[in-house]
Each structure stands twice: as structure tokens, then as C-alpha cells.
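Notes follow once the structure below has been shown.
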Amino acid sequence: HDPEEAASGLVSRASQASLAKAGKRGQDDLQTLAIPYSPVPSPTGDCRMTSASNPARRENRPAVRRYLTLLFSDLTGSTNLGATLETEHYAALLAQLGLAYREIISRHGGTVVRIQGDSVLAIFGHPETLEDDGRRATEAALDLHARVRGLLMDPPALRGFSLTMHTGIHAGLVLLGRGDLVRGRFELMGNAANIAARLSDAAGSDMILVSAETLGPEHHLFVTAER
């Protein structure tokens with residue numbers, strides 16, 4: 001199914017979010033990646049040779065196929081906002097967003113993969129997949145939207161400006177690979193990541209589009225409406 005043609009709905013607790021039925025893709029469409037590891041110091045304080053300190057072993061690490069819930073979120077109207085604000089004020093806003101992303105996503109058991117400007121990519125279900133990953137991702141998005149709506153703007157003349165996010169959430173099989181400075185903590189490849197990104201792009205201001213299979217039977221915990 002094409003995710004852009006799928007039925008969807010609204011999910012809300014303090015704000016509104018949408019429940020979209022996004023199509024599943026086959027496992028054959030997923031691509032191969034590698035995984036990051038860190039050096040592990042020995043009890044004596046010496047740094048042992050590990051997969052992280054041995055380039056040959058690190059590059060040969062196989063990709064890991066995981067069932068994850070992915071969350072993409074962006075600040076709505078950030079291009080116009082960035083053009084309106086002074087550089088220092090926009091940088092201060094991005095710093096507030098970064099703090100909100102890390103605090104809220106971590107609180108709900110997620111992992112921030114990448115923060116790029118005003119956008120964030122996070123995963124739920126790593127290192128262990130749980131039955132409520134979709135619910136926790138949706139709750140994290142709702143809390144994130146509420147936090148951003150309450151952020152104070154500088155300079156004072158722009159404090160009446162409405163700050164909102166738009167978010168897409170989808171769960172599915174991905175290949176979890178080794179990240180870098182560009183790709184973030186991990187590289188995520190596969191149709192599940194593509195669907196989550198498309199849902200985020202399709203979401204309107206202060207809207208959270210969540211695929212139906214992501215919430216499953218826990219959709220009753222939220223107020224939903226078809227889209």
C-alpha cells in the first residue's frame with residue numbers, strides 16, 4: 001500500500017494527533033548497514049582492542065534487522081521563522097528544542113538518533129522491542145508538541161508567534177547500522193523509515209500522524225479520528 005493513500009485519523013491527549021494507516025513493505029526492500037560500537041576499557045584502565053578500536057573488525061560487523069518504532073518530528077514553518085529571527089535568537093530556539101527532544105524522548109524510553117536543526121529522529125524498541133513502543137512514542141510526541149507550544153520566543157516582539165511541531169510515527173522492520181557525524185547515532189534503512197518520514201511530511205501544524213499498525217489495540221488510549 002502507498003502510505004500517502006492510506007486512511008488515517010487524529011490522536012490527542014493535550015493536543016491533536018493523527019492515526020494514519022500506512023502500508024507495510026516487504027523485508028526484501030531493506031538495505032544492508034553496519035553497527036557502531038565503543039571502546040571498552042579493561043578493569044586495569046588499559047584500553048583493550050575491541051571492534052570499535054579495530055577498523056577491520058568494525059567494518060565487517062553485520063547489520064542488525066530490528067523491529068523498531070520510528071519518530072520523525074519537525075518545527076512547523078521553521079524556514080520562515082529562521083528568516084525572521086536574528087541568528088542568535090534562532091540558535092537559542094534550536095538549543096531549547098534540542099533539550100526538549102533529549103529530555104522527553106528519553107523519559108518515554110526512546111533513543112534520539114539524530115537532531116538536525118529543528119528536526120529530530122528517534123527510535124523506540126532499542127535495545128529491546130517492547131509491546132508498548134508505539135504507545136510510548138505517541139505519548140512522547142504529544143508531550144513534545146505541548147512543550148514546544150509553551151516555549152518562550154526572543155526577541156519579545158515575536159513572543160506571539162505560534163510554535164508548533166508536526167510528527168510522523170511508524171513501526172516496522174529496519175536494518176540498524178553504524179552511524180556517523182552525518183547520519184547520527186545509528187543509520188536506519190528500510191521502508192519503515194521511509195513511511196515514518198512521509199507521515200511527518202504529510203502532517204499538518206501540531207499534528208501527529210501515526211500508522212494504525214503502530215498503535216494496534218492501544219489506539220483506544222487516545223482520542224482518534226479518521227483522516
Side-chain angles (χ1 to χ4, degrees), residues 22 24-43 47-73 97-116 119-144 147 167-197 199-200 208 210-219 221:
K24 293 184 178 179
R25 302 287 186 176
Q27 298 179 3
D28 295 338
D29 290 334
L30 301 177
Q31 303 178 30
T32 303
L33 309 172
I35 301 175
Y37 286 84
S38 301
V40 179
S42 70
C47 186
R48 296 178 177 177
M49 182 67 73
T50 67
S51 59
S53 55
N54 185 329
R57 290 183 60 190
R58 181 182 59 199
E59 293 299 330
N60 290 331
R61 281 280 181 180
V64 174
R65 186 183 292 260
R66 298 295 303 271
Y67 189 89
L68 299 174
T69 299
L70 299 95
L71 178 153
F72 283 87
S73 193
L97 288 175
L99 288 174
Y101 294 157
R102 288 185 285 269
E103 176 188 333
I104 292 173
I105 290 170
S106 175
R107 184 198 312 154
H108 288 277
T111 300
V112 173
V113 174
R114 180 176 66 248
I115 296 176
Q116 187 171 357
S119 66
V120 63
L121 164 60
I123 57 175
F124 293 77
H126 177 78
E128 180 183 2
T129 300
L130 301 175
E131 292 183 357
D132 64 347
D133 286 336
R135 174 183 61 79
R136 290 185 292 105
T138 303
E139 291 177 341
L142 288 167
D143 286 350
L144 183 59
R147 171 75 68 85
T167 300
I169 302 173
H170 180 67
L173 283 173
V174 302
L175 287 179
L176 186 68
R178 182 169 58 89
D180 53 30
L181 292 177
V182 175
R183 293 173 290 188
R185 184 171 181 179
F186 303 108
E187 184 175 21
L188 307 172
M189 298 290 287
N191 287 308
N194 295 334
I195 292 172
L199 290 176
S200 178
I208 303 168
V210 186
S211 59
E213 57 265 44
T214 298
L215 283 177
E218 292 190 312
H219 75 275
L221 298 174

Residues H170, L70; criterion side chain to side chain contact (heavy atoms under 4.5 Å, CB included); working and verdict: CA-CA 5 Å; H170 180 67; L70 299 95; 5.7 Å; no
What closest approach, in Å, do [X] and [Y] show between heavy atoms, and which atom pair accounts for it?
X    : Y    : value
R107 : D143 : NH1-OD2, 3.8 Å
Y101 : V112 : O-CG2, 4.0 Å
L199 : I169 : CD1-O, 3.4 Å
T69  : G134 : OG1-N, 3.9 Å
L71  : A137 : CD1-O, 3.5 Å
A171 : S211 : N-OG, 4.1 Å

Measuring from [X]:[atom1] to [Y]:[atom2], what's the distance to the nearest 0.5 Å?
X    : Y    : atom1 : atom2 : result
T138 : D133 : OG1   : CG    : 10.5 Å
F124 : T214 : CZ    : OG1   : 12.0 Å
L97  : R102 : CG    : CZ    : 10.0 Å
N194 : F72  : CG    : CZ    : 8.0 Å

Trace of the side chain to side chain contact (heavy atoms under 4.5 Å, CB included) decision for I123 with R66: CA-CA 11 Å; I123 57 175; R66 298 295 303 271; over 6 Å; no
T129 (side chain) donor-acceptor with Y67 (main chain) under 3.5 angstrom: yes
side-chain contact (heavy atoms from CB on, under 4.5 Å), paired with I105, selected from V120, V113, T111: V120
L121 side chain reached by Q116 side chain, heavy atoms, under 4.5 Å: no
